[in-house]
**Q** 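Let me begin by handing over the structure; questions about it come next.
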Amino acid sequence: MGMTISQKILAAKSGASKVSAGDIVLADVDLAFANDITAPISIDFVKKLGVNVFDKRKIALIPDHFTPNKDISSANQCKIMRDFVKERDLPNYWESGEVGIEHALLPEQGYIKPGMLIVGADSHTCTHGALGAFATGMGSTDVGFAFATGKSWFKVPESIKFIYKGKRNRWVGGKDLILYTIGKIGVAGALYQSMEFTGDAIKELPMEDRLTMCNMAIEAGGKNGIIEPDEITIEYLKERNVKESDYTVFKSDSDAEYSKIIEINVNDIEPQVAFPHLPENAKGISEINDDIKIDQAFIGSCTNGRLSDLQEAAKVLKNNKVAKYVRLIIIPATVDVYKQAMKEGLFDIFMEAGAVISTPTCGPCLGGYMGILADGEVAISTSNRNFVGRMGSKKSFIYLSSPAVCAASAVAGKIISPDEVVK
Amino acid sequence: MKFKGKAWVYGDNVDTDVIIPARYLNTSDEKELAKHCMEDIDENFTKKIKKGDMIVAGYNFGSGSSREHAPIAIKASGISCVIAKSFARIFYRNSFNMGLPIFESIEAAENIKDGDEIEINADTGEIKNLTTGEVYKSTPIPDFMQELIQSNGLFGYAKKILNK
Ligand code: SF4
């Protein structure tokens, strides 16, 4: 019996020739990182042990959630990080003006490579599986342990293989594929398991859409999301000066065992909208018959705050205006995305339309700041979670969608298809 | 390793918010946390339990946030271990990391009544109900996790492997 790509990476990193689902391994980590909410506890773990970090180049500290700092306690959290970085002279740290959302920043800057074993003190660490790495989110103590020892323990997961067939329809991207998938299997549909995304439609899917899909593996309870490296992966890495000799490509064996194989016909998928209060409440845009009026639209987050997302939004917003009383908040996920969007003239389109553009941060995605919802308000968001109270008031409502649907809805003041705005 | 104590029984989906409410998260002092353990689901919890007692619960114990304060509060309250039909993934991980033993057993969770005397053999995963004489099976704790528990969690384990 062969191994899946996830199992192969865990085997290689724990020095075993073979691992099986259910085995527990202690494996060597290639990258461990934490953010301004989770890092202080990880740092405390290292300090209490009284040791050095295992390898300065293999840890990253990313103050992205509340920066520029929104209040005194978030400023204090960031200070703990910054002081530690200064004291230990750590290279992988980004200050405001350079920093972006961790899961957008790390791949963009060439830190993520195929075959790596990555742990992050943030549940959306699964994003990085898009490059053929094994990446999963953990608690701060786990990441503190990795900072100190270079190791982490894993229960080897079973895998579900998803095969996406056919051609994507207009306005359908990675976000729609993953919302549709979660809608099918539910928020605990992949509990403890690895979600392996395969098939012709994935082979044709751009890297940024793949990152979006793997980002939301956790929303189905998955331990990680993963896509085998291919031409698109190699090209993406080349653009970041990562050579093929710098990494190892793992692929699933043809006789690997899967707990389930799920085929999805992409021709059937239209732009998706997940209704409150769970990502599994996904519906095709044409199935929405009622007028769902919105108060706010948010385009950003580690799910959909990358350049192609902003380009997609700009296509819809060009020569259009945001509806009266609707706030459209656009947050490029990183400084590079910000610069490039500005160069391409996307900001002109956004501002002409009446949107506001913020510096890179998580901001409203987790109800932090920069666009909190009031009681009874309705938002459409390109982020990944629409739980009760996620973006502010416990009495608010969040719908999840792609940037195109989000932008179109901002223009119409209610949730609609981009086809109705861009004829 | 053996554990012995009285069982206190709860239902499905006991989430991290009732194990330790967010309003007490401004401290990580375990004695403080222990004082409020399970407060929102059972006001008398800290008064009635004795050292070594166990929590028995249904499906998806520890769902919700990734807060590590939840297993810390349970352990510091004097509870020796938790038996449930299933655990949420991050809670499962955090428990072993904090040195709190947990056992998955549908059989045990279905049959144990509030106040029953229970004895668990962690090596074999056998759960004995000393009150009724019944014996239940649970998934045995893998060697690696037993080592984590014996090291008093991930911190002790880190010390151990770094000294090697
Ligand atoms: S953008 Fe949202 S989901 Fe992503 S890391 Fe930030 S808070 Fe978490």
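Every chain is numbered from 1, with letters handed out A, B, ... down the list of sequences.
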**Q** Please state whether the side chain, the backbone, both or neither of B/Phe144 comes within less than 4.5 Å of a heavy atom of chain A.
**A**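 Contact with chain A: side chain only.
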
**Q** Determine yes or no for a side-chain-to-main-chain donor-acceptor pair under 3.5 angstrom, with A/Glu196 supplying the side chain and A/Ile160 the backbone.
**A**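 Pair absent, no side-chain N/O of A/Glu196 close to backbone of A/Ile160.
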
**Q** Would you find a donor on one side and an acceptor on the other, under 3.5 Å apart, between the side chain of A/Asn69 and the backbone of A/Asp71?
**A**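 Side chain of A/Asn69 to backbone of A/Asp71, a donor-acceptor pair under 3.5 Å: no, none is there.
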
**Q** Can you confirm whether the side chains of B/Asn13 and B/Tyr59 place a donor and an acceptor under 3.5 Å from each other?
**A**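 On atom types as modelled, these side chains do not qualify, holding no pair under 3.5 Å.
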
**Q** If I compare all heavy atoms of A/Phe147 with all of A/Ala60, which pair ends up nearest, and what's the gap?
**A**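 Looking at all heavy atoms of both residues, the closest pair is CZ-O, 4.3 Å.
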
**Q** Sort A/Ile37 into side chain, backbone, both or neither according to what part of it lies under 4.5 angstrom from a heavy atom of chain B.
**A**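 No part of A/Ile37 comes within 4.5 Å of chain B.
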
**Q** Any side-chain donor paired with an acceptor under 3.5 Å for A/Trp153 and B/Asn97?
**A**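 Indeed, the side chains of A/Trp153 and B/Asn97 share at least one donor-acceptor pair under 3.5 Å.
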
**Q** Tell me whether the NZ or CZ atom of B/Lys160 lies within the 45° cone about the ring axis of B/Tyr157 and under 6.0 Å from its centre.
**A**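 Because its charged atom misses either the 6.0 Å distance or the 45° angle limit, B/Lys160 does not stack over B/Tyr157.
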
**Q** Taking B/Met98, B/Met145, B/Arg89 one by one, which has the highest count of heavy-atom pairs under 4.5 Å against chain A?
**A**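 Option with the top pair count is B/Arg89.
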
**Q** Under a 4.5 Å heavy-atom cut-off, does chain B meet the side chain of A/Ser140, its backbone, both or neither?
**A**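 Answer is both: backbone and side chain atoms of A/Ser140 are under 4.5 Å from chain B.
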
**Q** Do the two ring centres, one from A/Phe33 and one from A/His128, sit under 6.0 Å apart?
**A**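 Ring-ring flag for A/Phe33/A/His128: true, centres closer than 6.0 Å.
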
**Q** Do the charged groups of A/Asp23 and A/Lys155 touch, with an N to O distance under 4.0 Å?
**A**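 The answer is no: the pair does not qualify as a salt bridge.
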
**Q** Is A/Lys151 close to chain B through its backbone or its side chain, or both, or neither, when contacts mean heavy atoms under 4.5 Å?
**A**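 A/Lys151 touches chain B through side-chain heavy atoms alone.
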
**Q** For chain A, which residues of residues 99-124 of chain B have at least one non-hydrogen atom nearer than 4.5 Å to it?
**A**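 Listed by number, the contacting residues are B/Glu104.
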
**Q** For A/Ser259 and A/Gln193: C-alpha separation, side-chain torsions, deciding distance, then whether side chain to side chain contact (heavy atoms under 4.5 Å, CB included) applies.
**A** CA-CA 9 Å; A/Ser259 64; A/Gln193 306 196 55; 2.6 Å; yes

**Q** In terms of heavy-atom pairs under 4.5 Å, which option from A/Thr149, A/Thr38, A/Leu49, A/Leu191 contacts chain B the most?
**A**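 Looking at each option in turn, the highest pair count goes to A/Leu49.
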
**Q** Under a 4.5 Å cutoff for heavy-atom pairs, which residue among A/Ile41, A/Thr141, A/Ile24 has the most contacts with chain B?
**A**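 Heavy-atom pair counts peak at A/Thr141.
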
**Q** Taking every non-hydrogen pair under 4.5 Å, which of A/Leu26, A/Asp142, A/Val51 racks up the most with chain B?
**A**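 Highest number of pairs under 4.5 Å: A/Asp142.
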
**Q** Would you tell me whether A/His103 and A/Asn215 have side-chain atoms, one donor and one acceptor, within less than 3.5 Å of each other?
**A**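 No, A/Asn215 and A/His103 have no side-chain donor paired with an acceptor closer than 3.5 Å.
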
